[in-house]
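Down below is the structure, laid out as structure tokens.
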Amino acid sequence: MARKIIIDTDPGQDDAVAILLALASPELELLGITCVAGNVPLSLTAKNARIICELANRPDIRVFAGCDAPMARKLVTAEHVHGKTGLDGITLPDPTMPLQESHAVDFLIETLRAEPEDTVTLVPIGPLTNIATAMTRAPDIIPRIQEIVLMGGGYFEGGNITPAAEFNIYVDPEAAKLVFGAGVPLVVMPLDVTHKALTSRARVEAFRKAGRVGPAVASWTDFFERFDKEKYGSEGAPLHDPCTIAYLLKPELFRGRHINVEIETGSELTLGMTVADWWRVSGRAPNATFMGGIDAEGFFALLTERLARL
Ligand code: BDR
Ligand code: CA
């Protein structure tokens with residue numbers, strides 16, 4: 001039986017690749033896509049998610065708009081990375097499939113209540129506002145969640161939006177604190193992993209040839225590579241968000257440790273930092289499997305093979 005997932009997202013080119021990977025994978029049943037403000041404002045993330053579904057010929061997927069601002073702060077966006085649409089790189093048609101009428105938070109709550117306990121996995125690949133809002137409004141859903149597999153944070157690698165913080169956690173640190181403290185089985189794909197999953201010429205050219213969606217994926221990676229290559233001085237750019245879906249398909253591609261991870265919400269200097277007790281020196285109870293390593297060859301091979309199926 002396919003594993004039921006909900007992707008909570010702020011597309012974003014790398015979010016788009018994660019969604020396509022899920023749609024290409026029969027091991028996963030995508031119950032819906034919940035959109036949040038992040039890389040670009042909510043109106044654009046909700047539009048982009050539908051563009052991506054239509055690109056994959058899946059207008060049947062339900063897409064919900066959620067929170068348009070973090071729980072306690074002003075929204076910070078990342079057009080400098082993703083372009084002003086959030087999906088710059090290739091111009092795709094405006095979506096014709098509808099946006100669902102319910103709010104994403106209501107969908108999360110209703111679905112987790114309706115599905116049998118421990119059968120729905122959440123895959124947040126943007127700021128954690130929708131997830132934390134759902135948990136705050138309906139705490140009864142928390143023990144019903146099978147697992148949360150998220151992209152966010154960084155420890156040995158530092159941050160990407162500030163020296164200490166990764167973008168998804170930085171945008172809504174209060175939400176992240178709630179999610180990390182909720183007691184749900186949590187798998188974290190931080191920058192420590194995603195900065196080892198770098199695109200290269202050969203990998204992007206393999207995408208380009210990967211079936212119908214391949215050229216769009218290659219044009220997206222070409223677009224955000226420009227920014228990241230200059231910033232990091234690397235050969236390619238990290239493909240962050242698809243690591244979550246790849247983990248659900250092939251967990252053996254990743255290595256990590258079950259440790260305590262706390263979120264900084266007080267300090268201006270290190271706001272949004274994921275304080276990961278990698279060496280287990282704090283005595284605090286583990287609350288997350290924090291990944292540190294990836295088989296990058298295996299990851300790109302999986303991605304290319306799956307995208308070619310769409
Ligand atoms: C994360 O931030 C966003 O810009 C990406 O889509 C990814 O989810 C990486 O820090
Ligand atoms: Ca994202």
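Order of appearance sets the numbers: ligands from 1, and atoms from 1 within every ligand.
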Please verify whether a non-hydrogen atom of Asn168 lies at under 4.0 Å from ligand 1.
yes
Is there a heavy atom of His82 sitting under 4.0 angstrom from any atom of ligand 1?
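His82: in contact with ligand 1 (<4.0 Å).
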Is a donor from one side chain sitting under 3.5 angstrom from an acceptor on the other, for [X] and [Y]?
X	Y	value
Thr9	Asp15	yes
Thr34	Asp8	yes
Asn48	Thr45	no
Gln146	Thr121	yes
Thr274	Glu166	no

Listing request: all salt bridge (charged side-chain N to carboxylate O under 4.0 Å, His left out) pairs with a residue in residues 17-32, at least two apart in sequence or in separate chains.
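Those involving residues 17-32 are Glu27-Arg306.
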Run the salt bridge (charged side-chain N to carboxylate O under 4.0 Å, His left out) test against Glu79 and tell me which residues pass, sequence neighbours left out.
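Applying salt bridge (charged side-chain N to carboxylate O under 4.0 Å, His left out) to Glu79 gives none.
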Test your reading of the structure: does Ile125 have an N or O sitting under 3.5 Å from an N or O of ligand 1?
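Yes: some nitrogen or oxygen of Ile125 is under 3.5 Å from one in ligand 1.
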Against heavy atoms of [X], which atoms of ligand 1 measure under 4.0 Å?
X	result
His240	9 (C)
Asp15	6 (O)
Asn160	9 (C), 10 (O)
Glu166	1 (C), 2 (O), 9 (C), 10 (O)

Tell me, which protein residue and heavy-atom name are nearest [atom], and how many Å apart are they?
atom	value
atom 6 (O) of ligand 1	Asp14 OD1, 2.6 Å
atom 8 (O) of ligand 1	Asp241 OD1, 2.7 Å
atom 3 (C) of ligand 1	Asn39 OD1, 3.1 Å

Using 30° and 60° as the class limits, which term best fits the ring planes of [X] and [Y]: parallel, tilted or perpendicular?
X	Y	result
Phe224	His82	tilted
Phe207	Phe300	tilted
Phe64	Phe107	parallel

Kindly give the cluster partners of Leu75, where membership spreads through any ILVMFWY side chain lying under 4.5 Å from a current member.
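The other cluster members (ILVMFWY side chains, heavy atoms under 4.5 Å, direct or chained) are Val76, Ile161, Phe167, Tyr170, Val171, Leu271.
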Report, as a single number, the protein N, O or S atoms less than 3.0 Å from the Ca ion (ligand 2).
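Atoms of protein N, O or S type lying less than 3.0 Å from the Ca ion (ligand 2) total 5.
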